[in-house]
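Order of the sequence lines fixes the chain letters, A, B, ..., with proteins taken first and strands second; residue numbering starts at 1 for each chain.
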Amino acid sequence: MKKTLLTLALMVTPVCAMADKLDDLKAQGFVRIAIANEPPFTAVAADGTVSGAAPDVAREVFKRLGVGEVVASISEYGAMIPGLQAHRHDVITAGLFMKPERCAAVAYSEPVLCDAESFLLPKGNPKGFKSFADIAADPTAKIGAPGGGTEEKLALDAGVPRDRVIVVPDGQSGLKMLQDGRIDVYSLPILSISDLMKKAEDPNLEMFAPVEGAPVYCDGAAFNKDDTALRDAFDVELAKMKESRDFAKIIEPYGFSAAAAMSTSRAKLCGE
Amino acid sequence: MEWDWDFVYQIMPTLLAGLKLTLIITLVAAILAALLGLVFAILRRSSNPLIAQPIGFFLEFIRGTPLLVQLYFIFYVLPDLGIVLSPFVAGVIGMGLHYATYTAEVYRGGIENVARGQWEAARATNLTMRQTWVHVIIPQAIPPMIPALANYLIAMFKETPLLSAITVLELMNQAKSVANSSYRYIEPMTMVGALFLAISLISVVVLRFLEHRFGRPVR
Amino acid sequence: MTDWLGYLSLILQGAAVTAKLTLMGSVFALIMAFVAGLGRLAPIALLRWLATVYIEFFRGTSVFVQLFWVYFVLPFAGITLSPLMAGVLVLGLNVGAYGAEVVRGAVLSVPKDQYEACIAVNLTRWQRMWHVILPQALPLMLPTFGNNAIELLKGTAVVSLISLSDMTFQAQVVRAQTGSTLVPFATILVLYFAMSLLISAAVRAVERRMTRGLDGVR
């Protein structure tokens, strides 16, 4: 009994003052990142290794900062920011796109991955959806989107009622629900939908992109608001990588454009 | 992060809408579990081993595997066989089937508790098998089982958050969707917990009454 | 070419996490069951009251909700548990609450004359519990404890939702990588079933051992 209590007590890691977070990370040798398992943004291979453009960039930046390893935990989009606030992870690297309300909740780095929104649809786009407003206008249309993701928000903002925005836990479920006719359209960034279509090899599906009226979004590594010093250190290394083309070498094989990320800034995307 | 009462008031209507669906789905699934469990219990007692044994294995299997995985299976795998169920129906069937294997146990106990003499008397008076079940055995077996069955009703109520994994917009899922747009988990999660506790405590009072009224639960 | 062997090993890694959770959770649940079960029979009103509150609270709220709460809300109070510890804590406390009622029921079912005999031979309260009552009550608890352990095993699937890489979680990962839904889910259903059969067999073996010395008592 005593032993269990002791073990329990030992597992309780106190939330320490985050004054010098980077030194803490260096000392422990790893940084905890939140990912989503949504290729090509984030991916987990058969042997459990984490890849994808966002974690790869983060891994390289942290290596240059002297933190050797990243430890990833897969999370729903909706749970990422609460998890960050609860110190469940140190940084989100998951294609969590910058938007003013998110910028208010977390401390973003400079842009990393940019992509436009797309729709996954049955072949021929029978309902002719080209924008989120089209979906709102069709009273029978159901759209699938990740819970807490950008697409969910875009659909709701376009006026699609809550009960027609189906919260889909992961890409594979979304694809399956579309194939099974449970939803009429599934929305994710272009590269994510392309990846899903490549795996599915289903001739009855097609992609519509870019979605009209939805801008190109960029994500950044998202830090806790208390960790702006760490974020600034991250930004310095990220800028160096962008200049030396190392950045492009990491993200372009995944299909992302380095030029797109470099042509914009956090200040613009956050509407500061 | 501080507790924010204004935020609580703001999200309550959404949560209550989720609670309503949670209660509806619990009731429908419970009715299914009660009926299906009786069928299983009777089939399990069949003198034909080709019926009794596969049913026995099936019940063991369902009881030995997690409801969450069964729900995934019903929702995502069955469509490959051409069976596409709405999230609500998939949830009702998943929960109903899972708990039917428990209610079947309760019925088995209840049926075995009906005195042997009753079966013999039914046979002596030339009742058919169907008449024996409907008019003699079931009416005697059911009342003592009511508290145990009610126990599983409460258990089912508490399992409904799992349905959020197959996109049912029940209480937990509503709380998550609130959290998704507000980035706050403290108030939604705490309120969900409080609502569950409130309903469960009321149910416990009702359960005590049932136990008092119909006797000790059958184990 | 799908690397099924690689994916199978991923699922087996998850199975190891599930087994670990089940084992640690069961040990914790057992401790809680005895603490709370005996607490409800304690001569001190405060202890009885605490045990009752604990039991009703954990039987009254959903495991899933508790898990989310411990994982996302408790850190704001300065308590950050690892996902594994959060899982063990919540599952153990829950199943322990059910187990407590089993302990209480079994202790109460030991015939009254046993208590009277203990008083007659001047045993202390502890001696009475430890040497006379519990050895007789334990075999009565075992079958239900076995069922509770299976409930706990099944409960572990829920931790996949707080990103602990158990078997269900790994099945989801495999699904995302391969696009196949049937294979990973069918595989883990069989594995869960095998584990629950293992638990029943183990409990039956312990039961045989324990009842050996008790022949003729009842």
Intermediate values then yes/no, side chain to side chain contact (heavy atoms under 4.5 Å, CB included), A/Val167 and B/Lys176 | CA-CA 10 Å; A/Val167 171; B/Lys176 277 200 206 160; over 6 Å; no

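Residue pairs meeting the salt bridge (Lys or Arg N to Asp or Glu O under 4.0 Å) criterion with at least one partner in residues 29-48 of chain B, sequence neighbours excluded, are absent.
For the pair A/Gln85 and B/Tyr183, the tightest heavy-atom approach, listed with the atom from each and the gap, is OE1-O, 3.0 Å. Closest heavy-atom contact between B/Ala165 and A/Pro169: O-CG, 4.1 Å. Across every non-hydrogen atom of A/Lys176 and B/Asp80, the tightest pair is NZ-OD1, 2.9 Å.
Chain B forms more heavy-atom pairs under 4.5 Å with one residue of A/Leu156, A/Asp163, A/Ile81 than with any other, namely A/Ile81. The candidate with the highest count of non-hydrogen atom pairs below 4.5 Å against chain B, out of A/Lys153, A/Arg102, A/Gln172, is A/Arg102.
Atom OG of B/Ser164 sits about 7.5 Å away from atom CD of A/Glu76, to the nearest 0.5 Å. Expressed to the nearest 0.5 Å, how far CG of B/Leu78 lies from CG of A/Asp180 amounts to 10.0 Å.
Side chain of A/Arg182 to main chain of B/Val84: no donor-acceptor pair is present (N/O by atom type, distance under 3.5 Å, no hydrogens or angles).
Between B/Arg184 and A/Pro82, the closest side-chain pair of non-hydrogen atoms is not below 4.5 Å.
No more than 12 heavy atoms of other residues, nucleotides or ligands shown are found within 6.0 angstrom of NZ on A/Lys142. Atom NZ of B/Lys20 is surrounded by 12 or fewer heavy atoms from other residues, nucleotides or ligands within 6.0 Å.
Heavy-atom distances place no part of B/Tyr72 under 4.5 Å from chain A, backbone and side chain included. Of the two parts of A/Met80, neither the backbone nor the side chain holds a non-hydrogen atom closer than 4.5 Å to a non-hydrogen atom of chain B.
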